[in-house]
Amino acid sequence: MKPSIPQGTRDFSPEVVRKRQYIFDTLRNIFELYGFQPLETPAMENLVTLTGKYGEEGDRLIFKILNNGLHEKNENDKAKLNAEWANMLTKPYTSPVVTERALRYDLTIPFARYVVMHQNDLALPFRRYQMQPVWRADRPQKGRYREFWQCDADVVGSTSLINEAELLSIYSRAFQQLGLPVVIKVNSRKLLQGLSVICGYPEKMMDITIAMDKLDKIGWTGVTAELQARGISDEGITTLENAIMITGSNAEKLESFERVMASSEVGMAGVAEIRKALNYYETLNPGKGAEVAVDISLARGLNYYTGVIVEVVCSHPDVKMGSIGGGGRYDDLTGLFGLKGLSGVGVSFGIDRIYDVLDELGLFPQQLVQGANVMLVNFGGENEQFALTLLAQLRAAGVATEVYPDAAKFDKQMKYANKRGFAFVLLPGDEERAAGEVSVKNFVTGEQKRMAVADAIRLLAEG
RNA sequence: GAGGCUGUAGCUCAGUAGGUUAGAGCAUCAGAUUGUGGUUCUGAGGGUCGAGGGUUCGAAACCCUUCAGCCUCCCCA
């Protein structure tokens, strides 16, 4: 059979893993520096934990796991099983008889589930980061995979806008450290609610938001058409246009929003929370933070955000990639699992997309693509023992080293060394062994010198 | 869920109007060369032309079906 992997999944070859680890390490260090604690949850959750949390579209994209042992059911159960199968074949529907587990869809809901389950043990506010794969039964395309990694940082149990500012700082620091130019777009669900109020359709916030989110893509004329299709009057559209076309610095925009939103209490609250979060952010990053831009057209798909929402896009002109990170405030996330009144705020890094962008822009550090630094040639016989002794000594000195395991032809060993890209190749042969020496070949320059074993180890240990 | 493109060697691809035994580069292996890699030279192995059916004297090519991959919209990270 021809080997293959499931659609939308990828193998990560050694060089790729190194580059990915560079991203993970960068993020992990920052998360730790900001006082976040690591968390891991299972790859699979009970299906009921996930369903209904991501909207109708989200439910469709959950990877469900078929129950084991269906064939072992007794006759009564099988009748039910048949009925449920029939159901599933005619409509979007699942039954615990057929499937009761599913692959993790994101990291936020499992986190909420964790917090509720461990509420008595946690010191609130609880700050956690989590870097694990998630799965979506989506149709793969550029920048979209069925298995991809998320790196999330969330704070639960505090409504302070300092948390928003901290998370913005994490975004800022992470992308600055990675050398990636970004714009962090900020908005508030309350501002969007306010918009729907002032244009006269408080119940159509979702429709209005979805339409306005497309501003970047389809322009205002496109948005107008969309709004009309969703039943917004011309006066309402004009009101929205006046708000969405506001330009200027963040402070200027917020001032203008304040005037526009004057008749909406919730809208005013939105302005206030963005202003406060940005003030904190400015204090944490005086004059050196990444660009943060207030953007009233920004929407986020997930249903549970209630306050500040953010999205990160790469601002490099050559890069065509959707958002590489996003997040927001959810006032009552754990309420879904029976723990009321616990507010959370979090951000997520889409590291697969970040990888693609870094790769495209050539922003990975050069020295990442190295493994072991030194290879010992295997000349066989007595020399094999000699090589192993050297191997142990080099490793004891902290030099990443490997020995060619077979006494293969010299040419073959050298070709292998070349392909692997070792910095040095050591030749422990008869003459060297007899003299207590070893030949050290710099594989970059081709230069080769014989020297005492101790000197060779010192040289290589110093790099 | 809607639409578009592509499937030929391990990889990237060529293959003229439908006409001998389906090619190239890279990779692999062997040799030149059992103590000197990257460069070079010689040679070798490797193909159900995605699958099934049809048209034809003849199909990798044309038609139908199907599968897979990629891309766009929707939505998302």
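Here is how names work: the chains are called A, B, and so on, in the same order as the sequence lines, proteins then strands, and each is numbered from 1.
In this structure, A:Asp352 and A:Glu447 both approach RNA chain B, and ranking their closest nucleotides by distance from the 5' end singles out A:Glu447.
When the C1' atom is compared between B:G38 and B:C26, the two are found 16 Å apart, to the nearest whole Å.
When the shell of 6.0 Å around CE of A:Met117 is examined, it contains 12 or fewer heavy atoms from other residues, nucleotides or ligands.
For A:Met451, the side-chain contact (heavy atoms from CB on, under 4.5 Å) criterion is met by A:Val440, A:Lys449, A:Asp455, A:Ala456, A:Leu459, not counting sequence neighbours. Under the rule for a salt bridge (charged side-chain N to carboxylate O under 4.0 Å, His left out), the partners of A:Asp352 that lie at least two apart in sequence or sit in another chain are A:Arg10, A:Arg20. Take A:Arg128 and apply the salt bridge (charged side-chain N to carboxylate O under 4.0 Å, His left out) test, not counting sequence neighbours, and it matches A:Asp154. With sequence neighbours left out, A:Thr209 forms a side-chain hydrogen bond (donor to acceptor under 3.5 Å, both in side chains) with no residue at all. Applying the ring-ring contact (aromatic ring centres under 6.0 Å, His included) rule to A:Tyr330 yields the partners A:Tyr304; only residues at least two apart in sequence or on another chain are considered. Judged as a salt bridge (charged side-chain N to carboxylate O under 4.0 Å, His left out), and not counting sequence neighbours, the contacts of A:Glu273 are A:Lys190. Residues passing the side-chain hydrogen bond (donor to acceptor under 3.5 Å, both in side chains) test with A:Asp11, sequence neighbours excluded: none.
Residue-nucleotide stacking is present for A:Phe148 and B:A77, judged by a side-chain ring centre under 5.5 Å from the six-membered base ring centre and planes under 30° apart.
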Annotated protein contacts, base or backbone, on nucleotides 40-45 of chain B with a non-hydrogen cut-off under 4.0 Å, one of B, S, - each: ------
Reading 5' to 3' through nucleotides 68-74 of chain B, protein heavy-atom contacts under 4.0 Å coded B for base, S for sugar-phosphate only, - for none: -SSSBBB
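Sorted by first then second residue, the ring-ring contact (aromatic ring centres under 6.0 Å, His included) pairs that include residues 399-418 of chain A, not counting sequence neighbours, are A:Phe379-A:Phe410, A:Tyr404-A:Tyr416.
A cation-pi contact, defined as under 6.0 Å to the ring centre and within 45° of the axis, links A:Arg127 to A:Phe36.
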Intra- and interstrand pairs of RNA chain B - dot-bracket, Watson-Crick/G-U under 3.5 Å, | marks other strand: (((((((..((((.....[...)))).(((((.......))))).....(((((..]....))))))))))))....
Write out a two-atom table: protein N or O, nucleotide N or O from nucleotides 25-30 of chain B, distance below 3.5 Å.
residue : atom : partner  : partner atom : Å
B:U28   : OP1  : A:Lys419 : NZ           : 2.8

